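Note that the structure is a prediction, hence the values are computed from the model and not measured. Below, each value reflects all heavy atoms present in this structure, side chains not excepted, and no hydrogens, waters or symmetry copies.
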Amino acid sequence: MGVPLKIIRASLVLASLFVNGIAHAATANIAVAANFAAPVKEIAQTFESESGHQLTISVGSTGKLFSQIQNGAPFDVFLAADTETPGKAEEAGLSVPETRFTYAIGKLVLWSPDGGLAEDEASVLETDRFERIAMANPKVAPYGLATEQVIKKLDLVDTLSGKWVFGQSIGQTYQFIASGNVPLGFVALSQVFSRGKIQSGSAWIVPENIYTPLAQDAQLLKHGHNNAAATAFIAFLKSPTALAIIESFGYGLPER
């Protein structure tokens, strides 16, 4: 008995859809500031599921990622932790004009895995309850620069002198603290916050009026100009789905 003609036609249609889907899927390389590592992972999973495109994520300090872009690294999209560095990329002709936009407003937090150390204020910084404190290197990490501003604003430069341990990115800074090698330090709120609350330890969310707002810009790089996955991901970052994920990690959202 032969296969019914209707079944053959349906199989051909499904096969055609599958082949076309594969043919239109693309892969993009995304350079991401370390503070945004957790949100971008969740955003990428949703994006890949909905679009069929694939993303390769590279995480590092904004300064180091920019250095790699300047030296020809094949990144298609850049998600920085500030606005200044994408501006430099634009001036250097490394990005596609008019693709830059703010995707999140970062927040700084003093955090400790010890549930009773950081408390809900800055007073612990004036005590001798810790010998070392961590911050990201302000020369390459915007969150480190913000920390430096906070310490000066609180007039604690001399008090904390000799106690600092510097991470080369906010990701490394978080690891110093989370591993127990340093008892507390300044990290991105997104690293310790999800589902509406601090997930562990103790924390002081630094008031946003004592450091320069951590607006974070994204841009399409020249390498990704003709990459369908890269252009689709840039558009997806502005979608209600992506914005909801960004907000769930404690970021502020830019005005549109």
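When all heavy atoms of G52 and A25 are compared, the pair lying nearest together is O-CB, 3.4 Å. Minimum heavy-atom separation, V182 to A134: CG1-N, 3.6 Å. Nearest heavy-atom pair, D76 versus G224, reported as atom, atom and distance to 0.1 Å: OD1-CA, 3.3 Å.
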What do the steps show when you test T46 against F236 for side chain to side chain contact (heavy atoms under 4.5 Å, CB included), and what is the final call?
CA-CA 10 Å; T46 305; F236 187 76; 3.9 Å; yes

In sequence, state the C-alpha distance, the side-chain angles, and the governing distance for V150 and L154, and then conclude on side chain to side chain contact (heavy atoms under 4.5 Å, CB included).
CA-CA 6 Å; V150 170; L154 297 177; 3.8 Å; yes

Run the side chain to side chain contact (heavy atoms under 4.5 Å, CB included) test on T99 and V96 for me, step by step, so that the C-alpha distance in whole Å, both residues' side-chain angles and the decisive distance to 0.1 Å come before the verdict.
CA-CA 6 Å; T99 60; V96 179; 3.7 Å; yes

Check the pair L214, D82 against side chain to side chain contact (heavy atoms under 4.5 Å, CB included), reporting the backbone distance first and the verdict last.
CA-CA 6 Å; L214 287 160; D82 63 5; over 6 Å; no

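In this structure, CG on N227 lies 8.0 Å from OG1 on T27, to the nearest 0.5 angstrom. From L184, atom CG reaches atom CE of M135 across 12.5 Å, with rounding to the nearest 0.5 Å. Here CD1 of I177 is found 8.0 Å from CG of L110. Values are rounded to the nearest 0.5 Å. Rounded to the nearest 0.5 Å, atoms CZ (F75) and OG (S95) are 15.0 Å apart. With values rounded to the nearest 0.5 angstrom, L237 atom CG is found 8.0 Å from I30 atom CD1. Interatomic distance, OG of S200 versus CG of D114, reported as 11.0 Å (0.5 Å rounding).
When atom types are taken as modelled, the side chain of Q191 and the backbone of A188 share a donor-acceptor pair closer than 3.5 angstrom. H53 places a side-chain N or O within 3.5 Å of a backbone atom of A26 that can act as its donor or acceptor partner. Side-chain atoms of S202 come within 3.5 Å of backbone atoms of A118 as a donor-acceptor pair (strictly under, hydrogens ignored).
Contacts of F78 classified as ring pair (Phe, Tyr, Trp, His ring centres under 6.0 Å), with partners at least two apart in sequence or in another chain: none. N181 meets the side-chain hydrogen bond (donor to acceptor under 3.5 Å, both in side chains) test with S179; sequence neighbours excluded. Partners of S123 under the side-chain hydrogen bond (donor to acceptor under 3.5 Å, both in side chains) rule, at least two apart in sequence or in another chain, are E121. For F249, there are no ring pair (Phe, Tyr, Trp, His ring centres under 6.0 Å) partners at least two apart in sequence or on another chain. Residues forming a salt bridge (charged side-chain N to carboxylate O under 4.0 Å, His left out) with E119 (at least two apart in sequence, or on another chain): R129. Not counting sequence neighbours, the partners of Y251 by the side-chain hydrogen bond (donor to acceptor under 3.5 Å, both in side chains) test are N35, S190. When the side-chain hydrogen bond (donor to acceptor under 3.5 Å, both in side chains) test is applied to D217, the partners found at least two apart in sequence or on another chain are R100, T102.
Applying the 6.0 Å contact sphere to CD of E98 captures no more than 12 heavy atoms from other residues, nucleotides or ligands. Crowding of D155 atom CG: a count of heavy atoms from other residues, nucleotides or ligands under 6.0 Å not exceeding 12.
At least one side-chain heavy atom of I43 sits under 4.5 Å from a side-chain heavy atom of I246.
Hydrophobic clustering (ILVMFWY, side-chain heavy atoms < 4.5 Å, transitive): L79 and I105 are in distinct clusters. I245 and I234 fall within a single hydrophobic cluster, where Ile, Leu, Val, Met, Phe, Trp and Tyr side chains are chained together by heavy-atom contacts under 4.5 Å.
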Give the table of side-chain donor-acceptor pairs shorter than 3.5 Å for residues 159-171, with sequence neighbours excluded, one pair per line with atom names and distance.
unit_1 : atom_1 : unit_2 : atom_2 : d
K163   : NZ     : F130   : O      : 3.2
S169   : OG     : G171   : N      : 3.2
S169   : OG     : Q172   : N      : 3.1

For residues 54-70, which side-chain N or O atoms pair as donor and acceptor with protein atoms under 3.5 Å away, sequence neighbours left out?
unit_1 : atom_1 : unit_2 : atom_2 : d
S61    : OG     : K64    : N      : 3.2
T62    : OG1    : A81    : N      : 2.9

Got a list of side-chain donor-acceptor pairs under 3.5 Å for residues 204-213, not counting sequence neighbours?
unit_1 : atom_1 : unit_2 : atom_2 : d
Y211   : OH     : L108   : N      : 3.1
T212   : OG1    : Q149   : OE1    : 3.4
T212   : OG1    : Q149   : NE2    : 3.3

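Applying the ring pair (Phe, Tyr, Trp, His ring centres under 6.0 Å) definition to pairs two or more places apart or across chains, those involving residues 168-202 are W111-Y174.
Grouping Ile, Leu, Val, Met, Phe, Trp and Tyr by side-chain contacts under 4.5 Å, direct or through others, leaves L145 on its own.
Annotation: cation-pi geometry not satisfied between K238 and Y103 (NZ/CZ under 6.0 angstrom from ring centroid, within 45° of ring axis).
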